[in-house]
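Residue numbering restarts at 1 for every chain, and letters A, B, ... go by the order of the sequence lines.
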There are 2 protein chains.
Amino acid sequence: MPEQTTGSSRPTLEAVAARAGVSRATASRVVNGGAGVRLPLAEKVREAVRELGYVPNHAARSLVTRRHGAVAVIIAEPEFRIFSDPFFEKQVRGISRELTAHDTQLVLLWVEGHGDHERISRYLDGGHVDGALAFSLHTADRLPAVIARSRIPVVFGGRPVSGAESAVPFVDCDNRGGAREAVQYLVSLGRRHIGHLAGPCTQTSALDRLAGYRDVLVDADPALVCQGDFTRESGARTMAELLERRPDVDAVFAANDLMAAGALRVLRERGIRVPEDVAVVGFDDMDAVVRATEPALTTVRQDIEGMGRLMVRLLMRMLDGAADAASASVITPTGLVRRESA
Amino acid sequence: MPEQTTGSSRPTLEAVAARAGVSRATASRVVNGGAGVRLPLAEKVREAVRELGYVPNHAARSLVTRRHGAVAVIIAEPEFRIFSDPFFEKQVRGISRELTAHDTQLVLLWVEGHGDHERISRYLDGGHVDGALAFSLHTADRLPAVIARSRIPVVFGGRPVSGAESAVPFVDCDNRGGAREAVQYLVSLGRRHIGHLAGPCTQTSALDRLAGYRDVLVDADPALVCQGDFTRESGARTMAELLERRPDVDAVFAANDLMAAGALRVLRERGIRVPEDVAVVGFDDMDAVVRATEPALTTVRQDIEGMGRLMVRLLMRMLDGAADAASASVITPTGLVRRESA
DNA sequence: GGCGGCTGTGAGAGCGCTCCCAAAAGCATT
DNA sequence: AATGCTTTTGGGAGCGCTCTCACAGCCGCC
C-alpha cells in the first residue's frame, strides 16, 4: 500500500515529549489544556508542539476516550429536495455553527432509499460518532424509528409521531401555540369566517398547526379547512377551493408562508383585497417568501437556526449525561409578526 | 464521566474469536473479507459476529490502517447561499452517492469566515479524513490555497484560478467548449449580432464561458458583452443594457440559465419575439429554471451530479496512489440541448 | 516414506494516545 | 531539620484492532 500522506510521517506525542524533555504523560496533559502542569514545563511542551507541527492523532485518542468529537446529521430525502429547502438550510446552518462552537464535527449521512436504513444503523452503532441529529419528516417513514433504536443519543428536529417512541427527545417550535396566536389575532380583528389552508397530514408540524387553529375555532365549519401540502401551488389551489366552498371567508391562516404566498396570488387575481376583504396570515417567516409578497405577509415567526443550535445543545447535554431522553425535549416559542396582510 | 452508550459495552473482536473458537487474527481476517480462511471456520466466525452483534471499532482500525474511510467536503459560504443553490445540491448529491458506493463517509466542513481557515487546515491535517473535496468559488478567496496546502489529497470542483497552484486536481465541465458550441449554433442559425450576458469575472466558469464566446466571435464588438453575476436579476439587467447598446442584437448567449431566464422576461416585456427576433441560449440546463421558461430554453447541458461523482472517483484514485495531482484533472463534456428559444 | 512447498492459523507486537497509580518534588509546618 | 501534607511528574498498562512472522498441518513428489 502506497503512502497516502506526503512528506515524513506525522510527529507523535512521544516526539513532542522527547523534544520538550518531559514524559509522554505530561505532554499529553499540556496538549489537553495543561491543567496541573507547571508553567515553564508547559511552555516548553507548547514550543515543541509548535516546532514539530504536532497534531494529535484523533483515532488514537478516541480509541481510549471513546469520544469521537463528531455528530451525525441524518438527512433523508424521501420526497423533498432537502437542501433546496430554505428551512433545512437554516437549520443545518444553526447546527453547523453550534457544533463548531463545541469543537465537534458534522458527519453528513444522506439517506436515499429504504435499503439504506441498515447502513445508517450500522454506522451509528459503529463508533464513528458520539450522537446523531435527525429530522422527523413524515409520519410514515420508518427511518426515525430505526435511528432512535441506535445505542447513541439522538435528537430529532421536529416533533416525531407520538406513540411508542414518545421518549424520543426533540426540538420543535410551538406550532400549536403559534397557530393559536395567529388565529386569535384574526379573531381579534373581527374576522368571523376564518379558513385554514392546512399542510400535509403526514407531518406533525402541519397537524399541530391545524390543532392550534381548532383550539381557537372549536366548532368551525369543516369546509373552512382545505388540505394542501406546504407548496406554493397547493396554497393557490386550496385558496381557490376555499373561496368556492365558502365565498364569505374573510380571513385565512395558511400552514406556511409558501402556501400563504400562493393564496395571495389567487386573491389578487380575483380582485379580492388583502387585508380588507380577506386577511392572510402565514407561518415560518421565511425571508425569501415574505419579502416578495404583496402585500407584505403577516406571519408567525420561528427561529429555525436557533432550533438547529438547540438540537446540538440538547445533544451535548445528553452526551454529558446531564439530560435524559424522556424529559429533554424543547419547544421554542413563536411570535406573530404583523405586516400588511392581516 | 458517565457512560454514554446504553447497555453493556460493545463486543470486541476478541470476544468474537473466543466464541468462534479461533484466534483474533483469524476473526479479523473473516471480518475483513475472509480471504485465506477455510470455509467452516469462516462460517463459525460469521455466526459469532451475528450472535454478538459485533461491529468493528473504527477508531482502533484506523489507528493501525491509517485509513479513516471518510472524506471532508468543504463548503464555503462567502456570499452564496450554497445549499439553496441547486447546482450545489446536485453536486453534493453526486458526491454523497459515490462516497456511499465506496463505503466512505462524508464529513461536512462548513466554512464561515476567514478565521475559520486555520480550523479547517488543522482538521484536514488532524487525521480525521483521508482526503477532501472542495469547490473553487471565487478567484479572490484564499481558502482553496489553504486547502491545497494540506497534506491530504484534495480534489476541487470547478477549475481553480490558474497560476501558482496549477497542479491542483479538479473536475470541471468543458465550459469553454460548451460556450463555443452554443455560439457556433447561433452562428449556424444565421445570427449576426450575438451578444453575451457574462457571469461574474471572479469565477472561472464565467470566464471560461466568455472565452468560448470569444473563440467563435473573435472580433465581436465589445459592447455585445455585458457583465452580470449569474443571478436572474442580472440577466434582466444585462439584457436591457444590451438592447440599449445594440438594438440590432439578434441572439444572446447567457452565461447561465438563470440569467437567460431574466433575459427572456425582459424580451417578453418589450414584445421582442424569441427566437424569431432574438434567439437565446443558456448554460447549465437546470431543471427548475428550464422547465419554467417560456419559450423553453435552449441551453448547454452539463452533468453536475456526474461531476460530483467524478470528484470522488478521482480522489479515490489519488488515495490509491493511482493518480497524481498534476495530471489527474478531468474535464467533462457538455452538450447543446435544443429547445424553443434558439 | 521422507522432504520441499504450500496454505491456514495463531502468537505477539505495536499503532498513538489517555489515565491510573506510584514516586518525586515542593511547601509549610512543627 | 524532620515531618506530613499537597502538587507535579513519570512509568506503564491497555484501548481494539491489523499485520508480520513463525509454525503447523497437508499436499504431491521423488
Visitor: Where the side chain of B:H68 meets the backbone of B:S62, is there a donor-acceptor pair that is under 3.5 Å apart?
Guide: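 No.
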Visitor: Is there a side-chain polar atom (N or O) of B:R66 under 4.0 Å from OP1 or OP2 of C:dG16?
Guide: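 Indeed, a polar side-chain atom of B:R66 lies that close.
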Visitor: Taking atom P of D:dC15 as reference, at what distance in whole Å does atom CG of B:L63 sit?
Guide: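 Interatomic distance, CG of B:L63 to P of D:dC15: 13 Å.
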Visitor: Which one, C:dC17, D:dC17, C:dG8, comes nearest to the side chain of A:N57?
Guide: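 Of C:dC17, D:dC17, C:dG8, C:dC17 is nearest to the side chain of A:N57.
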Visitor: Quick check: does any side chain N or O of A:D130 sit under 3.5 Å from a backbone N or O of A:G69, one acting as donor and the other as acceptor?
Guide: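 Side chain of A:D130 to backbone of A:G69, a donor-acceptor pair under 3.5 Å: yes, one is there.
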Visitor: Can you spot which of A:L124, A:L108, A:L133 makes a side chain to side chain contact (heavy atoms under 4.5 Å, CB included) with A:I74?
Guide: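 Only one of A:L124, A:L108, A:L133 forms a side chain to side chain contact (heavy atoms under 4.5 Å, CB included) with A:I74, namely A:L124.
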Visitor: Identify the residue among B:R19, B:R46, B:K44 that makes a salt bridge (charged side-chain N to carboxylate O under 4.0 Å, His left out) with B:E51.
Guide: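 In the set B:R19, B:R46, B:K44, the residue that makes a salt bridge (charged side-chain N to carboxylate O under 4.0 Å, His left out) with B:E51 is B:R19.
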Visitor: Counting only N and O atoms by type, is there a donor-acceptor contact under 3.5 Å from the side chain of A:R61 to the main-chain atoms of A:P56?
Guide: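 It does not hold such a pair.
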Visitor: Who passes salt bridge (Lys or Arg N to Asp or Glu O under 4.0 Å) against A:R313, sequence neighbours left out?
Guide: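 Counting only residues at least two positions away or on another chain, A:R313 forms a salt bridge (Lys or Arg N to Asp or Glu O under 4.0 Å) with A:E98.
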Visitor: Does any residue of residues 15-32 of chain A have a heavy atom under 4.0 Å from DNA chain C, and if so, which ones, in number order?
Guide: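 Correct list: A:R24, A:A25, A:S28, A:N32.
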Visitor: Measure the distance from CD on B:E14 to C1' on D:dC17 and round it to the nearest whole Å.
Guide: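 Rounded to the whole Å, the gap is 10 Å.
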Visitor: Would you tell me if any nitrogen or oxygen in the side chain of A:R61 comes within less than 4.0 Å of OP1 or OP2 on C:dT18?
Guide: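 So the side chain of A:R61 is within the cut-off, an N or O lying under 4.0 Å from OP1 or OP2 of C:dT18.
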Visitor: Counting only N and O atoms by type, is there a donor-acceptor contact under 3.5 Å from the side chain of B:D125 to the main-chain atoms of B:R151?
Guide: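 Yes; at least one donor-acceptor contact below 3.5 Å.
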Visitor: Just to be sure I understand the geometry, which residues of residues 39-53 of chain B put a non-hydrogen atom under 4.0 Å away from DNA chain C?
Guide: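 Heavy-atom cutoff 4.0 Å gives B:L41.
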Visitor: Please tell me which of the listed nucleotides, D:dG16, D:dT9, C:dC17, lies nearest to the side chain of A:V64?
Guide: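 Selected nucleotide (nearest to the side chain): C:dC17.
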Visitor: For the residue pair A:F135 and A:F88, does the interplanar ring angle fall in the parallel (under 30°), tilted (30 to 60°) or perpendicular (over 60°) class?
Guide: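 It falls in the perpendicular class, over 60°.
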Visitor: Picking from D:dG16, C:dC17, D:dT9, which would you name as closest to the side chain of A:A60?
Guide: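 It is C:dC17.
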Visitor: When you measure from the side chain of B:S121 to the backbone N and O of B:V146, does any donor-acceptor pair fall under 3.5 Å?
Guide: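 Between the backbone of B:V146 and the side chain of B:S121 there is no qualifying donor-acceptor contact (under 3.5 Å).
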Visitor: Consider the side chain of A:V37, meaning its heavy atoms from C-beta on, and name the nucleotide among D:dC15, D:dT9, C:dC17 that approaches it most closely.
Guide: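 Between D:dC15, D:dT9, C:dC17, the one nearest the side chain of A:V37 would be D:dT9.
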Visitor: In this structure, how many angstroms lie between the C1' atom of C:dT9 and the CZ atom of B:R38, rounded?
Guide: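 For the pair B:R38 CZ and C:dT9 C1', the rounded distance is 9 Å.
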